[in-house]
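Inspection log for the structure reproduced underneath, given as structure tokens.
Just so you know, ligand 1 is whichever comes first in the structure, and atom 1 is the first atom listed for that ligand. Note that the numbering runs from 1 along the sequence shown for the chain.
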Amino acid sequence: MLNGRHLIEPNDLSVTEIDEICSLAEQIIVDPVSFQDVCRGKILAALFFEPSTRTRLSFEAAMLRLGGAVEGFSDASSSSATKGESLADTIRVVSSYTDVLAIRSPKEGAALLASKYSSCPVINAGDGGHFHPTQTLTDLLTVRQLKGSLEGQTVGFCGDLKFGRTVHSLVQALSRYPKNKFIFISPKELQMPDYMLKNILEPLKIEYRSVERLEDAIGDVDILYMTRVQKERFFNEQDYIRLKDSYILDNEKMKLARRDMIVLHPLPRVNEIAVEVDGDTRAAYFKQAKYGMFVRMALIAKLTGSL
Ligand code: NCD
């Protein structure tokens with residue numbers, strides 16, 4: 001039963017529940033008109049204390065396409081946070097107006113804190129470098145649609161694996177499906193955090209290796225998950241400038257990849273995928289962004305008890 005639950009990290013959902021949400025999203029893709037009144041009379045609050053394009057707009061589009069309404073803010077400076085209001089107070093009040101709440105914050109743990117004070121379901125739309133579970137549902141639906149299975153995939157994660165919350169969330173989720181393997185491609189300074197390796201991968205005995213060069217891994221992967229170097233999480237601009245162009249996927253490197261490999265990216269892209277790759281049939285990141293809206297429709301419908 002998903003009705004009334006919060007979604008703070010991917011592990012809040014069982015594998016069966018993830019599959020249920022993806023299956024519902026797949027039904028919506030096939031016949032969206034049948035779902036257009038499912039949330040009639042319900043309201044989503046989108047509280048974005050950090051910039052966003054896709055996540056916020058896809059949440060809003062999802063609720064609107066279910067027949068519901070949306071309210072919120074996309075900039076902390078237009079909320080009472082600037083007057084010194086605590087997150088707890090904001091959430092207590094907003095949740096009394098709405099049926100479901102999506103929150104993004106630069107602070108790790110903000111969504112969890114919000115869930116303690118909310119009288120309606122809270123969805124974590126990204127908390128600092130921590131987790132981003134609805135991006136993960138987006139990624140899982142994309143893999144199901146384009147690769148046919150969430151099992152037995154070799155997934156290369158490339159770029160900022162230290163601060164990339166989409167990476168942490170997807171690794172956590174894919175670790176729960178059998179026979180997936182990971183290749184972590186990053187500069188030394190941006191490697192997967194130790195807690196991910198020690199708490200998630202090692203106890204489950206998941207096969208992984210770490211490399212520094214994309215060319216050393218690209219030919220081995222079924223899925224290449226590219227990521228942006230997370231400028232906003234750096235303490236030192238010099239480090240960002242030095243690391244920002246560590247990887248650039250271009251047509252030359254795509255020649256080394258398998259014919260049935262797919263390239264994913266949560267977006268926004270900066271320099272890490274050359275625009276020339278967009279025309280390659282294996283480039284799936286714009287399709288992925290579209291799946292994000294459908295999976296959020298399924299999630300909202302379930303958490304609000306509308307289906
Ligand atoms: C990601 C995020 O916000 O973590 N974007 C998104 O939600 N699609 C990735 C990023 O910002 O690099």
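- Ring centroid separation for the pair Y208 and F184 comes in under the 6.0 Å cut-off.
- For D19 and Y177, the side-chain atoms include at least one donor-acceptor pair closer than 3.5 Å.
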Next item on the list: Might you work through the side-chain hydrogen bond (donor to acceptor under 3.5 Å, both in side chains) test for R144 and S23, ending with a clear yes or no?
Entry: CA-CA 10 Å; R144 263 172 71 127; S23 299; 3.2 Å; yes
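- Follow the hydrophobic side-chain contacts under 4.5 Å out from F48 and you never reach L101; the two are in separate clusters.
- Protein residues are said to neighbour a ligand when one of their heavy atoms lies under 4.0 Å from it; for ligand 1 these are T55, R104, H132, Q135, R165, T166, R228, Q230, P266, L267, P268.
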In residues 282-304, what donor-acceptor pairs under 3.5 Å come from side-chain atoms, sequence neighbours left out?
from : atom 1 : to   : atom 2 : distance (Å)
R282 : NE     : D280 : OD1    : 3.0
R282 : NH1    : M254 : O      : 3.3
R282 : NH1    : A257 : O      : 3.4
R282 : NH1    : R258 : O      : 3.0
R282 : NH2    : M254 : O      : 3.3
R282 : NH2    : D280 : OD2    : 2.9
Y285 : OH     : D278 : OD1    : 2.7
Q288 : OE1    : H265 : N      : 2.9
Q288 : NE2    : D139 : OD1    : 2.8
Y291 : OH     : Q145 : OE1    : 3.4
R296 : NE     : T134 : OG1    : 3.3
R296 : NH1    : S58  : OG     : 2.8
R296 : NH1    : G292 : O      : 3.4
R296 : NH2    : T134 : OG1    : 3.0
K302 : NZ     : E20  : OE2    : 3.3
T304 : OG1    : I300 : O      : 2.6
T304 : OG1    : A301 : O      : 3.4
T304 : OG1    : S306 : OG     : 2.6

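- In this model, a donor atom of one side chain and an acceptor atom of the other lie less than 3.5 Å apart for S119 and S95.
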